[in-house]
Number of protein chains: 2
Amino acid sequence: MITRMSTLFLRTLREDPVDAEVPSHQLLVRAGYVRRAAPGIYSWLPLGYRVLRNVERIVREEMDAIGAQEVHFPALLPREPYEATGRWTEYGDNLFRLKDRKGGDYLLGPTHEEMFTLLVKDICSSYKSLPLALYQIQTKYRDEARPRAGILRGREFVMKDSYSFDIDDAGLDASYLRHRKAYIRIFDRLGLNYVIVAATSGAMGGSASEEFLADSEVGEDTYVRSPGGYAANVEAVTTPVPAALPFDDAPAAHVEDTPDTPTIDTLVAVSNERFPRADRPWTGADTLKNLIVMLRLPDGTREPLAIGLPGDREVDMKRLEAQVSPAEVEPFTEQDFAANPALVKGYIGPGVLGSENASKIRYLLDPRIVPGTRWITGADANGRHVYDLTAGRDFTGDGVIEAAEIRDGDPAPDGSGPLSLARGIEMGHIFQLGRKYADALDLQVLDQNGKRVTVTMGSYGVGVSRAVAAVAENSHDDKGLIWPRELAPADVHVVIAGKGAEIVGAAEDLAAQLDAAGVRVMLDDRNASPGVKFTDAELIGVPTILVVGRGVATGVLELKDRRTGTSQEIAVDQAVDTITALVGA
Amino acid sequence: MITRMSTLFLRTLREDPVDAEVPSHQLLVRAGYVRRAAPGIYSWLPLGYRVLRNVERIVREEMDAIGAQEVHFPALLPREPYEATGRWTEYGDNLFRLKDRKGGDYLLGPTHEEMFTLLVKDICSSYKSLPLALYQIQTKYRDEARPRAGILRGREFVMKDSYSFDIDDAGLDASYLRHRKAYIRIFDRLGLNYVIVAATSGAMGGSASEEFLADSEVGEDTYVRSPGGYAANVEAVTTPVPAALPFDDAPAAHVEDTPDTPTIDTLVAVSNERFPRADRPWTGADTLKNLIVMLRLPDGTREPLAIGLPGDREVDMKRLEAQVSPAEVEPFTEQDFAANPALVKGYIGPGVLGSENASKIRYLLDPRIVPGTRWITGADANGRHVYDLTAGRDFTGDGVIEAAEIRDGDPAPDGSGPLSLARGIEMGHIFQLGRKYADALDLQVLDQNGKRVTVTMGSYGVGVSRAVAAVAENSHDDKGLIWPRELAPADVHVVIAGKGAEIVGAAEDLAAQLDAAGVRVMLDDRNASPGVKFTDAELIGVPTILVVGRGVATGVLELKDRRTGTSQEIAVDQAVDTITALVGA
């Protein structure tokens, strides 16, 4: 295939588009791969669509290789199955809903667990049909509150979603592992730097769950790693729980006036000066901060939630959201305070939140707040704090919550050392759904003994359109994109660097020979200066660039490697062999 | 590739599904190609998706061959561009509309003229970028009032739509012809029996327009052909206009009591008995029938329309709809009659409809009603008709309308002989949009003289998912589907007809050898009787069936041609060569 730039539907831009903040978005727009059609909704131009289809091909090959069978569901789906599993409501505003001309309720599919479950129920009736793995590569929809970074987080996007169906847990484990291996091959072929981390399963339900994150500073996911090999999405990290302390000899709690302590630091300083601990100085980690938020439940009602945590840590909203999902977190407003006069803003303590008190607000504690720990905390009165308030003696919560931020240096939950934080782009997610959907939609088959048993399922996703952006994030420089060969829109970019008939003729001849050898050629045959052509070639990011210029007169061409920037002279009569070997065509 | 039926996600059905009325729908469901997800919305199972992708491949190859460039637009589209061209309203109930979480208006794209026009406006600024042809293979949405026949007329479907952009009319003609030739190759490769007919352009606007119709009794389109080669969609047929007649000597119009003439036949009989014509008997073609309908305009308002036509012809609703589109046709109700007391039901005549009368109803006449023609028609009074009412002398209409039915034997408009009627499935539509969209969205480029000129466009569609059903309609028998090889889910269906190790071993060995030779093999390795396997093989419709049975003992296999039903014995050791040659692998 020869792609002639003189007729290619392409306009490269020298400036970054104003709405693009991350490099992949800037470069994919500038190099003419995608264009914005609406917020979070993009059109694919010829070069971009080629790369997208290359990703699809890799994903398809690896899914076929593990025996998964390709099907294709509609994107426009009826409400009923999603009603049966509760997701019609649980998805909240993230779901695009619409009505047809008869008033029937429909949605644009965000994922297809329900539809796959119902189809398998329709087709399979015996254990003999299992194990089964089905997949589709399909356009999906989520009405993101904050679509961002171009195709990295869009509202219409392409995903590969697959589902496994097994008769028992051992089968599910095997299906899960098969997908895990396939995903490793997929992300290896995509040339991504990625890490596999433990994950929560969020709104999906289920148990074992891992994410494949592409390393990227612009990623929305934060994950942790330890020297001993622990890796987890920050939402999934659990806090090592300290041992409970004896509190028989602990001093009694006492309320003190603490004026002029607007921050944790000032409170700690005043406390050490006026109410010192006997054993060691107070630190921020000895203060107990109580934060109140409002949860919006899927049915639209609001419910307050109080979170107690050490004062030297902030609440991590994504960790909190993962814990309370499908409820959404909203601020506790001035009106909410006005409606709960017992809550003294800035001085809320276990006194008003404790389970036997009148506020009736659910009160969840950080895992570090174990029995015997002694705290400085609000005394539910302006300008007053309570000291030596002892967990398990003076207060308890209604439960535990993992909502505090994770910090560099925090201990890994498995004892494998201190955690370090990094950011990544979620590229894949594999998880064991178990029987949640099969139960909700009554998917049973007959087992070897003729007994009806509920099928257990796994759910596996790859962000196909997102992969195009993630690879661009992982692989670019200040001049432009640098595609791995399997994804690139062409194998070699032939630049005609001159106007003479000899140069043009040689380039055309080489392009034709390369094409005949199965090499995908981009031929810059435009009426433009060599400078413009070189700039565009680097922006577009085809891995190999062949410059056909004045050297033709002496039988010499220039072959450049886009990634390393190195170039070498090669003889005209060896160019086809050299490039064919390089490409592996 | 070897597809093992023992693990294939497939359940064939012996009975037709209750909601399936046409053979393609019955067979595609029974053979496990598609399953209904909602009215007019289907899921593709593994075999069906393979066929769909084969159609896509053929379409893609032929589009690429004419230099069209593949892009991909979103299906979820913002309202604004469709508002600019009026189609947000014109599409009426056929458009799926929805709102996002911020209340913004969106639609699910039925076609993408607007988006392509805007993208080209964004990318191209000079005549040097033209001619340009872009295409996409994409999921589209129309909220059909009557989805039917499975994937033949669905509400979510796959289309290839392409658009050409040219600087002038000659360029558009050339682009149109390139697409026309590509479509001929596509439909030839699909193995369809089809006809190319002149068409109206409907809601799309524009001028030259042709449809590719697959011959089929279950088709929704009626078309005509003449012995001299004229072919047109019935909506596009024009009526040869007779010459006007002199009426200086025509008798004066006279109103008569005509009791007991409830039908055209009784009116003609009474007329010939009591008020005979001097020159020849009255016939039904001399009566003038006036039908009143209500038009619902895109803005929701209703407007009456009167149609005058010879009494021996009915109004063809599809022809009428094509004429009044984007307005929709609704009945003129009893309430409407009550609101227009001058209209005497059953006796409505030009007296009340004529342009100078009080009803102010727009009155359009059949083209046959030329000046000088003499008519028997309603006298706007119960039980009374007017005779010798002469067009051009006694009445005129507000214009002409092509709404009367076309009949077998009617003359072709180009004089090429009598028309015969047939039915077909619309598979493709090519038309010259002209400057409608470019004007509405301001798509201009600089011409050779640096002057801004408006681009002229063509629009071209292929029903990709519909093609799967149309081919099934064109190519099946009472046993099942019969796929052309390019579309078939496999090249050869190997039936293991026996349980002995020798038979199974020979079949597995042949499957492996065929696979290695590049032949796509379906291998029926299920634990089922040969009868069940033969039935399923015929239902599924792979073009070549290889039966591996007891003959293996003597080195003999049976090779069946699914289409002809013929079978031949072949030697085991020649099977791979024979089949490879057959397949062209």
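B:E144 touches chain A through its backbone: at least one of N, CA, C or O sits under 4.5 Å from a heavy atom, while the side chain does not. If you measure heavy-atom distances from A:N527 to chain B, you find no contacts under 4.5 Å at all. With a threshold of 4.5 angstrom between heavy atoms, A:R53 approaches chain B through side-chain atoms but not through N, CA, C or O. Contacts between B:L45 and chain A at a heavy-atom distance below 4.5 Å involve backbone atoms as well as side-chain atoms. Only the side chain of B:M115 comes within contact range of chain A, with at least one heavy atom under 4.5 Å from a heavy atom of that chain. Heavy atoms closer than 4.5 Å to chain A are found nowhere in B:L47, neither backbone nor side chain. Heavy-atom distances place the backbone of B:Y42, and not its side chain, under 4.5 Å from chain A. Heavy atoms of B:E70 lying under 4.5 Å from chain A belong to its backbone as well as its side chain. Within the 4.5 angstrom heavy-atom criterion, no atom of B:V34 approaches chain A. Contacts between B:D122 and chain A at a heavy-atom distance below 4.5 Å involve backbone atoms as well as side-chain atoms. Interface remark: B:D64 contributes no atoms to any contact with chain A (heavy atom separation under 4.5 Å). Contact annotation for B:R4: neither backbone nor side-chain heavy atoms come within less than 4.5 Å of a heavy atom of chain A.
Highest contact tally toward chain B, considering only A:R155, A:R97, A:K99, is held by A:R155 [criterion: heavy-atom pairs under 4.5 Å]. In terms of non-hydrogen atom pairs under 4.5 Å with chain B, the most contact-rich of A:N94, A:D93, A:L98, A:V120 is A:D93. Chosen from B:A75, B:P131, B:C124, the residue pairing most often with chain A at heavy-atom distances under 4.5 Å is B:A75. Most heavy-atom pairs under 4.5 Å with chain A, from the set B:M1, B:E80, B:R60: that is B:R60. Of the residues considered (A:G48, A:A38, A:A145), A:A145 shows the highest number of contacts with chain B, using heavy-atom pairs under 4.5 Å. Ranking A:L118, A:L8, A:L77 against chain B, the residue ahead of the rest is A:L8, based on heavy-atom pairs under 4.5 Å. With respect to chain A, the highest number of heavy-atom pairs below 4.5 Å among B:T3, B:L10, B:I41 belongs to B:I41. No other option in A:P78, A:S129, A:P46 has as many heavy-atom pairs under 4.5 Å with chain B as A:P46.
Two residues are said to be in side-chain contact when any heavy atoms from C-beta on lie closer than 4.5 Å; A:R35 and B:L119 meet this criterion.
Here CZ of A:F96 is found 7.0 Å from OH of B:Y106. Values are rounded to the nearest 0.5 Å. Rounding to the nearest 0.5 angstrom, the gap separating the CD1 atom in B:I137 from the OH atom in A:Y49 is 7.0 Å. Between A:S43 atom OG and B:Q136 atom CD the span is 8.5 Å, to the nearest 0.5 Å. A distance of 5.0 Å separates NE2 of A:H72 from OG1 of B:T139, quoted to the nearest 0.5 Å. Rounding to the nearest 0.5 Å gives a distance of 12.0 Å between OG of A:S6 and NZ of B:K128. Between atom CZ of residue A:F9 and atom CD1 of residue B:I123 there is a gap of 5.0 Å, rounded to the nearest 0.5 Å.
In this structure, A:R14 places its CZ atom where more than 12 heavy-atom neighbours from other residues, nucleotides or ligands lie under 6.0 Å away. Heavy atoms from other residues, nucleotides or ligands lying under 6.0 Å from CD of B:Q448 number more than 12.
Salt-bridge annotation for B:K102 and A:D143: absent, with no side-chain N of the basic residue lying under 4.0 Å from a carboxylate O of the acidic one.
Remark: the backbone N or O of B:T7 is paired with a side-chain donor or acceptor of A:Q69 at under 3.5 angstrom.
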